[in-house]
Amino acid sequence: MNTLSSSSVGENAILVINCGSSSVKFSLIQPETGLALLSGLAECLLTEQAKIKIKLNNEQYKETLPSPFDHQAALTVLVKHLHQFNLVNSISAVGHRVVHGGEKYAEPALISEDVESAIESLAKLAPLHNPANLIGIKACQKAFSDLSQVAIFDTAFHQTMPAKAFLYGLPYELYKEHGVRRYGFHGTSHYFVAKQAAQQLNKPLSQCNLISAHLGNGCSVTAIKNGESVDTSLGMTPVEGLMMGTRSGDVDAGIIFHLVEQLGYSVNDVDQLLNKKSGLLGVSQLSNDCRTLEEAMLNGDTQAELALTVFCYRIAKYIASFSASLTELDGLIFTGGIGENSSWVRAKVVEQLALLNFHLSEEENQKARFGKSGNIAASNSRNCWVIATNEEWVIAEQTHNLLSSTQPIKTEV
Ligand code: ADP
């Protein structure tokens with residue numbers, strides 16, 4: 001049996017849980033170093049194909065989940081394995097990724113009944129995500145009843161945005177009475193890469209001015225002034241801004257009336273169209289996956305090339321627009337699956353940013369792939385980094401910090 005001894009692991013590892021509607025991603029992280037002792041994914045939940053994969057010491061364990069195939073079943077199997085791997089005693093707390101914290105949470109929160117109610121009431125702003133996050137919280141409370149649980153909100157980092165950036169040009173009462181405003185997402189990722197860039201610059205984050213581009217299946221660009229988010233491309237929901245894998249990003253709102261009134265779309269049809277059928281998938285008519293599209297483009301598929309070209313132009317346009325949010329700029333950061341791996345996308349984006357004095361070193365750009373970070377700027381350019389994001393580490397670190405400052409980490413049953 002593959003085990004790690006508690007003495008080698010220590011006793012303050014954080015179990016990080018990211019619960020989606022049909023999946024649970026988990027990892028056990030040492031908060032000081034970010035080392036993942038164990039990681040895995042339960043997917044296809046609520047179907048008979050529900051399964052769990054757990055990685056420990058480069059070995060992978062796979063198992064189908066028992067009925068009722070739900071989040072609780074996944075966590076029960078995880079706990080069984082944590083016992084078998086001799087890791088249960090090393091867990092000091094559980095940190096949960098929670099997508100929407102609204103205006104209420106600019107910081108991590110120790111989960112209490114009040115916090116749970118707030119997450120529930122914020123579900124009206126994130127109907128697909130917050131209920132799933134709550135299911136994870138409740139399942140973990142059952143599975144780890146003696147451990148403190150902490151919520152880390154994806155929106156929190158963006159709570160520093162000024163009103164000029166977060167307000168839409170809509171009647172003000174929609175904001176005051178119904179919370180209609182820009183919140184932004186991917187906050188833990190933008191924060192993590194900004195901190196890493198600050199290390200590269202050898203100055204405190206509070207003195208850094210950056211633009212970060214998180215390019216994965218979901219995509220966003222954030223302007224960071226003196227270490228704080230001052231604008232971001234995702235909005236009240238994760239459809240605004242850049243073109244994404246299957247999401248449209250910005251469209252003329254009038255298109256929605258046209259779809260409904262002239263083409264007979266229902267509200268649900270529009271929702272599906274903008275969230276699931278647009279973006280790289282919609283334009284290429286082939287795939288939402290950047291790798292597949294790059295391969296197709298190299299084989300002469302002009303529609304794939306068009307999709308990637310629109311995608312990159314939108315990114316460059318957003319980055320350039322954020323020069324209005326900053327008075328200084330220390331550099332640009334690429335992160336997320338595409339940002340970390342696609343030298344083609346990075347080159348195409350930066351090619352359109354020459355006016356802002358960004359130019360890439362072709363050699364460094366080619367080298368920075370598959371987990372290899374680095375500064376890919378040419379010698380006559382502003383800094384341009386590829387930085388692998390690590391949201392799990394932020395969640396572990398912030399969970400650990402919150403509990404260290406408020407109470408003993410482990411409570412006795
Ligand atoms: P998520 O938002 O689901 O976390 P990721 O950050 O993992 O997504 O990013 C997924 C995207 O990264 C996909 O479009 C995938 O094709 C792209 N990607 C991963 N590796 C490469 C690569 N080597 N070259 C180009 N794109 C890549």
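Atoms within each ligand, like the ligands themselves, are counted from 1 in listed order.
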Quick one about His214 and Thr335 (side-chain donor to acceptor, distance below 3.5 Å, no hydrogens or angles considered), yes or no? no

A student comparing Gly336, Ser287, Ser343, Gly337 should find that the heavy atom closest to atom 9 (O) of ligand 1 comes from Gly337

Output the list of atoms in ligand 1 that are nearer than 4.0 Å to some heavy atom of Glu294, sorted by atom number. 25 (C)

Considering only heavy atoms from C-beta outward, does the side chain of Ser212 approach that of Val221 to under 4.5 Å? no

Just to confirm my output: which protein heavy-atom neighbour is closest to atom 4 (O) of ligand 1, and how far is it? Lys25 NZ, 4.7 Å

In plain terms, say whether Arg382 and Asp330 are close enough for a salt bridge, that is, a side-chain N and a carboxylate O under 4.0 Å apart. no

If you measure from the Lys or Arg side-chain nitrogens to the Asp or Glu carboxylate oxygens, is any gap between Lys276 and Asp271 under 4.0 Å? no

If hydrogens are left out, which of Leu215, Asn341, Asn18, Asn217 has an atom nearest to atom 10 (C) of ligand 1, that is, the closest non-hydrogen atom? Asn217

State whether Phe166 and Arg181 meet the cation-pi test: NZ (Lys) or CZ (Arg) under 6.0 Å from the six-membered ring centroid, and within 45° of the perpendicular axis. yes

Quick check: does Arg291 get an N/O under 3.5 Å from an N/O on ligand 1? yes

Atoms of ligand 1 less than 4.0 Å from Phe370 heavy atoms? 23 (N)

Does some side-chain heavy atom of Trp393 sit less than 4.5 Å from a side-chain heavy atom of Leu35? no

Evaluate the 4.0 Å heavy atom contact test for atom 12 (O) of ligand 1: does a protein atom fall under the cut-off? yes

Any idea which atoms of ligand 1 are less than 4.0 Å away from a heavy-atom of Gly218? 2 (O)

Hey, does Asp289 come in under 3.5 Å of ligand 1, counting only N/O atoms on both sides? yes

Just to confirm my output: which protein heavy-atom neighbour is closest to atom 17 (C) of ligand 1, and how far is it? Ile338 CG1, 3.6 Å

Using a strict cut-off of 4.0 Å, indicate which atoms of ligand 1 neighbour a heavy atom of Ser342. 25 (C)

Determine, for Glu240 against Arg247, whether the closest basic-nitrogen to carboxylate-oxygen distance falls under 4.0 angstrom. no

Tell me, with the steps shown, if Phe85 and Tyr61 meet ring pair (Phe, Tyr, Trp, His ring centres under 6.0 Å). CA-CA 12 Å; Phe85 299 147; Tyr61 300 81; 5.1 Å; yes

Could you list which atoms of ligand 1 come closer than 4.0 Å to a heavy atom of Cys290? 14 (O), 16 (O), 26 (N)

Are any of the heavy atoms in Gly245 under 4.0 Å away from ligand 1? no

Within less than 4.0 angstrom of ligand 1, does Trp344 place any heavy atom? no

Between Arg291 and Glu294, does any NZ, NE, NH1 or NH2 come within less than 4.0 Å of an OD or OE carboxylate oxygen? no

